[in-house]
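Please read the structure below before turning to the comments.
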Amino acid sequence: MEKKTIIVLATKNKGKVKEFEGYFKNFPIVLKSLDDFGQIPEIVEDGVTFEENAYKKSSCVARILGFPALADDSGLVIDALNGAPGVYSARYAGENVSDEYRYKKILEEMKGKENRAARFECVLSLSVPSGKALTYEANCEGIIADAPSGSNGFGYDPIFFYPPLNKTFGQLTNDEKTIVSHRGKALKELSNELDKVLIWMRQHI
Ligand code: ITT
């Protein structure tokens with residue numbers, strides 16, 4: 001029987017967990033979430049790039065828990081806001097506010113702006129307990145809608161309009177979003193070389 005490899009999802013974001021679980025459902029991997037383990041110290045995301053924060057999350061979790069860990073650092077980059085909210089996407093508008101509050105703040109700031117170009121960026125970092133890591137990144141171009149539509153997904157999905165499908169990400173199913181999204185494309189890069197990745201993980205545990 002095929003031996004399954006354990007990977008811990010180093011994220012507290014339930015929306016990301018749902019997308020990862022959907023993506024990996026047919027792969028020879030057992031995904032664990034942080035909820036499967038006891039409390040771990042808080043990881044401060046003080047990097048200035050997605051890559052730094054992704055590595056910080058994956059390497060800390062892998063070292064603490066002793067399993068390979070997959071982290072995602074991602075965000076929405078808006079040209080007319082000079083790249084904001086960018087790496088601060090999760091905390092834009094403050095801690096402990098809702099996704100709706102956060103995207104409404106963006107809509108407010110985008111009022112009257114002609115250039116509505118934006119992209120979601122995603123960096124995935126897969127670390128083993130020794131700290132060695134593989135990195136994958138991808139982005140997805142879209143535009144900031146004038147008003148929210150759809151209630152699927154999470155975060156800024158209701159205001160991220162994706163022209164090729166003529167819908168916001170909030171109007172896509174999980175599977176539809178994964179085909180075109182920043183996270184889905186980065187996951188595809190990883191899974192395209194999964195055989196090699198699995199060997200690498202086994203050699204480094
Ligand atoms: P973890 O660090 O625990 O993974 P987080 O939500 O804090 O969770 P990030 O620091 O990577 O994660 O922040 C990413 C934020 O960017 C996320 O909270 C959303 O607001 C936004 N975001 C990223 N990907 C998104 C997506 O696919 N759809 C909508 N919003 C997204």
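Counting from 1, the numbers follow the sequence of the chain as shown. Ligands are counted one by one from 1 in listed order, and the atoms in each one are counted from 1 as well.
- When each of R116, K113, R119 is checked for a salt bridge (charged side-chain N to carboxylate O under 4.0 Å, His left out) with D79, only R119 meets the rule.
- Across D72, L187, N174, a single residue satisfies side chain to side chain contact (heavy atoms under 4.5 Å, CB included) together with E19, and that is N174.
- Of all protein heavy atoms, the one closest to atom 1 (P) of ligand 1 is T11 OG1, 3.4 Å.
- Annotation for ligand 1: atoms under 4.0 Å from non-hydrogen atoms of H182 are 24 (N), 25 (C), 26 (C), 27 (O).
- Here I159 sits in one hydrophobic cluster together with L76, I78, L81, Y92, Y103, I106, L107, M110, F120, I144, Y156, F160, Y162, L165, F169, L172, I179, V180; the rule is ILVMFWY side chains under 4.5 Å apart, joined directly or through other members.
- Among all non-hydrogen protein atoms, the one lying nearest atom 30 (N) of ligand 1 is Y156 N, 3.1 Å.
- Checked against a 3.5 angstrom limit, the closest N/O atoms of D99 and ligand 1 fall outside it.
- Of all protein heavy atoms, the one closest to atom 14 (C) of ligand 1 is S74 O, 3.0 Å.
- Interface of D73 with ligand 1, defined as ligand atoms under 4.0 Å from a residue heavy atom, comprises 9 (P), 10 (O), 11 (O).
- Remark: the backbone N or O of V97 is paired with a side-chain donor or acceptor of R102 at under 3.5 angstrom.
- Heavy atoms of G75 come nearer than 4.0 angstrom to ligand 1 in at least one pair.
- A donor-acceptor pair is defined here as one N or O able to donate and one able to accept, closer than 3.5 Å; no such pair exists between the side chain of N115 and the backbone of A80.
- Screening residues 184-205 for ring pair (Phe, Tyr, Trp, His ring centres under 6.0 Å) gives W200-H204 as the qualifying pairs, with residues at least two apart or on separate chains.
- Those atoms of ligand 1 that come under 4.0 Å of a heavy atom in D72, given as number and element, are 4 (O), 11 (O).
- Ranking protein heavy atoms by distance to atom 2 (O) of ligand 1, first place goes to K57 NZ, 2.7 Å.
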message: Run E189 and K185 through salt bridge (charged side-chain N to carboxylate O under 4.0 Å, His left out) and show every step you take.
response: CA-CA 6 Å; E189 298 276 311; K185 288 194 274 188; over 6 Å; no
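- Residue contacts with ligand 1 for F120 involve side-chain atoms from C-beta outward but no N, CA, C or O (heavy atoms, distance under 4.0 Å).
- Side chain of D157 to backbone of G170: no donor-acceptor contact under 3.5 angstrom is found.
- Of the protein's non-hydrogen atoms, the one nearest atom 8 (O) of ligand 1 is N13 CB, 3.5 Å.
- Looking at R102 against ligand 1, nothing comes within 4.0 Å, counting heavy atoms.
- Between I29 and L194 the shortest side-chain heavy-atom distance falls below 4.5 Å.
- Protein heavy atom nearest atom 10 (O) of ligand 1, with residue, atom name and distance: E45 OE1, 3.0 Å.
- Proximity to G155 (heavy-atom distance under 4.0 Å) selects the following atoms of ligand 1: 29 (C), 30 (N).
- The backbone N or O of G131 sits less than 3.5 Å from a side-chain atom of Y55, completing a donor-acceptor pair.
- Atom 9 (P) of ligand 1 has its nearest heavy-atom neighbour, among K177, R183, K16, in K16.
- With 3.5 Å as the limit, one finds no donor-acceptor pair spanning the side chains of S59 and S127.
- In this structure, atom 13 (O) of ligand 1 lies nearest to the protein heavy atom A90 CB, 3.4 Å.
- Ranking the protein heavy atoms by distance from atom 3 (O) of ligand 1 puts K12 N, 2.8 Å first.
- Residue-ligand proximity: D157 is placed with a non-hydrogen atom under 4.0 Å from ligand 1.
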